[in-house]
Asks: 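Sending over a structure as structure tokens; questions will come in a sec.
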Amino acid sequence: MFDRLFAGALLCLSGLIAWTAYHFDVPFQYEPLGPKAFPLILSTVMAFCSVWLFVKPSPNKWAPTGAVLLKLLSGVALMTGYAFLFEKAGFIVSTAIVGTVFCILFGEKPVRAIIYSVILSVVSYFVMKHLLQLNVPTGMLFGG
């Protein structure tokens, strides 16, 4: 039953992603696979997976506990906060904060969570900024 509930929510989310991506106004200098194509591809894959999960759910009879539901809701709230924090704080700071909180949510010790998240955010920033040449916000702290 929970698989089908999750599949329905995922199908709604994929529809919302597709609808939002379809209404992007992309300047004409972008390449054919610009910022509009990737969300559409992602929403198509998500829709396919959710329909598959709805038609053929897992045979396990697992039900989420209160602790699991609290972690799921915390994750949704955390990612919403990340979306608001991303532009102002920048990629490195916001990713380090969110990574630390997620690590702690899943049982890591706080010091190790902070070290891992800071290293991950700095390395992924330089990979995206310099190797992939993507526009990644630096935030007000770093002069962005």
Side-chain angles (χ1 to χ4, degrees), residues 1-108 110 113-114 116-144:
M1 174 174 147
F2 290 104
D3 287 348
R4 288 196 168 117
L5 286 174
F6 177 72
L10 190 64
L11 187 61
C12 290
L13 181 64
S14 68
L16 181 64
I17 291 171
W19 181 76
T20 305
Y22 185 75
H23 288 86
F24 278 166
D25 288 328
V26 179
F28 112 67
Q29 71 246 33
Y30 272 104
E31 296 177 15
L33 283 178
K36 192 174 190 174
F38 290 111
L40 288 173
I41 293 168
L42 173 70
S43 65
T44 303
V45 171
M46 282 175 58
F48 176 76
C49 291
S50 63
V51 167
W52 179 265
L53 188 59
F54 194 81
V55 171
K56 190 173 168 91
S58 174
N60 296 336
K61 299 297 179 201
W62 176 82
T65 63
V68 170
L69 288 175
L70 182 64
K71 284 183 181 181
L72 287 173
L73 291 176
S74 298
V76 169
L78 194 59
M79 292 310 292
T80 303
Y82 182 68
F84 287 111
L85 190 65
F86 189 70
E87 286 291 326
K88 294 206 189 290
F91 179 84
I92 294 174
V93 173
S94 57
T95 304
I97 292 170
V98 169
T100 301
V101 176
F102 264 121
C103 286
I104 292 170
L105 269 176
F106 285 98
E108 188 58 67
I114 291 169
Y116 169 75
S117 298
V118 168
I119 290 171
L120 176 73
S121 63
V122 169
V123 168
S124 59
Y125 173 80
F126 283 108
V127 166
M128 286 194 278
K129 183 78 173 175
H130 299 292
L131 293 179
L132 299 175
Q133 296 179 350
L134 297 173
N135 260 344
V136 184
T138 54
M140 291 187 287
L141 183 65
F142 298 109

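Just so you know, these numbers use all the heavy atoms, side chains as well, and skip hydrogens, waters and symmetry mates.
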Asks: From Lys71 NZ over to Thr65 OG1, what is the distance, rounded to the nearest 0.5 angstrom?
Replies: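 Result: 8.5 Å between the selected atoms.
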Asks: Look up atom CD1 in Ile104 and atom OG1 in Thr100, then write down how far apart they are to the nearest 0.5 Å.
Replies: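 Result: 6.5 Å between the selected atoms.
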Asks: Does either side chain, that of Thr95 or that of Tyr82, offer a donor lying less than 3.5 Å from an acceptor on the other one?
Replies: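 Short answer, yes.
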Asks: Decide yes or no for Phe91 and Lys129: does some side-chain heavy atom of the first lie under 4.5 Å from some side-chain heavy atom of the second?
Replies: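 Heavy-atom side-chain distance check fails, nothing below 4.5 Å.
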Asks: Check Ile17 against Pro39 and note the closest heavy-atom contact, atom names and distance.
Replies: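 In terms of heavy atoms, the two residues are closest at CG2-O, 3.6 Å.
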Asks: Considering non-hydrogen atoms only, spot the tightest contact between Arg4 and Val55 and give its length.
Replies: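 The answer is NH2-O, 4.0 Å.
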Asks: Going by heavy atoms in the side chains, are Leu105 and Ser74 under 4.5 Å from each other?
Replies: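 Leu105 vs Ser74: side chains touch.
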Asks: Would you say that more than 12 heavy atoms from the other residues, nucleotides or ligands in this model lie under 6.0 Å from the CZ of Phe86, or not?
Replies: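 More than 12 heavy atoms, drawn from other residues, nucleotides or ligands, come within 6.0 Å of this atom.
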Asks: Please tell me if the side chains of Leu53 and Leu10 come closer than 4.5 Å, counting only heavy atoms from C-beta onward.
Replies: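 They are not in side-chain contact.
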Asks: In Å, rounded to the nearest 0.5 Å, how long is the span from CD1 of Ile114 to CD1 of Ile97?
Replies: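 Spacing of CD1 (Ile114) from CD1 (Ile97) equals 10.5 Å.
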Asks: Testing the basics here: between Ser14 and Met46, what is the closest heavy-atom pair and its distance to 0.1 Å?
Replies: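 Nearest pair, atom of Ser14 first, then Met46: CB-CB, 3.7 Å.
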Asks: Going from OG on Ser94 to NZ on Lys88, what distance comes out if it is rounded to the nearest 0.5 angstrom?
Replies: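 If I round to the nearest 0.5 Å, the distance is 13.0 Å.
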Asks: Are any of the side-chain heavy atoms of Phe54 and Leu11 separated by less than 4.5 Å?
Replies: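 No, side chains not in contact.
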Asks: Check whether any side-chain heavy atom of Ser117 lies under 4.5 Å from a side-chain heavy atom of Phe102, and answer yes or no.
Replies: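 The answer is no, as the side chains (C-beta and beyond) never meet within the 4.5 Å cut-off.
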